[in-house]
Amino acid sequence: MCRGALAKLLLRALGIEVASHVIRVGHVELDRTAAWEEIAAVASATRCLSCVDAATEARMKEEVEEVSRTGDTVGGVFEVVVHGVPPAWALRQLGRAPRRLLACR
């Protein structure tokens, strides 16, 4: 089993959920903040791009198709959201984050 999947299962047992969604592809960007419920719903669905706004997702797909026709690629940005983390635990983990980031080099 993948370590990430195992970590998500362990976190879920503690009432903590992790989900992600696409917020930008090329020049097309989601122009609002997404609610947790939207992010969780789109993350559980099987979709090509997981954007919480259907109209924005359609424009993102058009951007990908247009760039693809030229033989080029396009970058994007996705957001990872963690829901249900107890505040004290979150603050303790934030204090450890710089060391962990440096260890990832």
Side-chain angles (χ1 to χ4, degrees):
M1 176 181 258
C2 178
R3 290 182 196 170
L6 181 58
K8 282 179 85 170
L9 288 173
L10 291 172
L11 288 172
R12 188 175 296 144
L14 297 171
I16 300 170
E17 295 180 73
V18 180
S20 64
H21 66 116
V22 177
I23 59 172
R24 183 175 52 186
V25 172
H27 295 48
V28 181
E29 186 169 358
L30 181 65
D31 60 357
R32 64 181 177 84
T33 302
W36 166 253
E37 292 76 17
E38 294 175 297
I39 298 167
V42 80
S44 65
T46 306
R47 292 165 54 175
C48 181
L49 293 173
S50 297
C51 181
V52 297
D53 184 75
T56 303
E57 183 173 5
R59 291 193 340 263
M60 288 176 177
K61 287 179 183 178
E62 289 172 7
E63 176 91 358
V64 170
E65 290 169 3
E66 182 179 322
V67 171
S68 179
R69 282 192 289 274
T70 66
D72 204 354
T73 60
V74 64
V77 177
F78 68 97
E79 178 179 51
V80 177
V81 181
V82 182
H83 183 73
V85 178
W89 189 75
L91 290 175
R92 187 170 55 243
Q93 296 309 314
L94 284 174
R96 297 177 184 161
R99 284 181 281 163
R100 289 192 177 128
L101 288 174
L102 291 174
C104 290
R105 293 191 292 154

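- Glu66 has no carboxylate O lying under 4.0 Å from a charged side-chain N of Arg59, or vice versa, which leaves the two without a salt bridge.
- To the nearest 0.5 Å, the span separating CD1 on Ile39 from OG on Ser44 amounts to 12.0 Å.
- Here OG of Ser68 is found 14.0 Å from NZ of Lys61. Values are rounded to the nearest 0.5 Å.
- Nearest heavy atom pair, residue Glu38 against residue Thr33, reads OE1-O, 4.5 Å.
- Looking only at side-chain heavy atoms (C-beta outward), Val74 and Glu63 come within less than 4.5 Å of each other.
- Counting all heavy atoms, side chain and backbone alike, Gly84 lies closest to Ile16 at O-CG1, 3.5 Å.
- Side-chain contact check for Val80 versus Val18: some heavy-atom pair is nearer than 4.5 Å.
- Follow the hydrophobic side-chain contacts under 4.5 Å out from Ile23 and you never reach Phe78; the two are in separate clusters.
- Contact of the Val81 side chain with the Trp36 side chain is registered, since non-hydrogen atoms from C-beta on lie closer than 4.5 Å.
- In this structure, Ala43 and Ala19 approach most closely via the heavy-atom pair CB-CB, 3.7 Å.
- A heavy-atom distance below 4.5 Å is found between the side chains of His21 and Leu30.
- Checked against Val42 for a side chain to side chain contact (heavy atoms under 4.5 Å, CB included), the options Val52, Val22, Leu49 give a single hit: Val52.
- Side chains of Arg32 and Asp53 form a contact here, defined as non-hydrogen atoms less than 4.5 Å apart.
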Working note: Glu79 + Arg24, criterion salt bridge (Lys or Arg N to Asp or Glu O under 4.0 Å); need CA distance, chi angles, decisive distance, verdict.
CA-CA 9 Å; Glu79 178 179 51; Arg24 183 175 52 186; over 6 Å; no

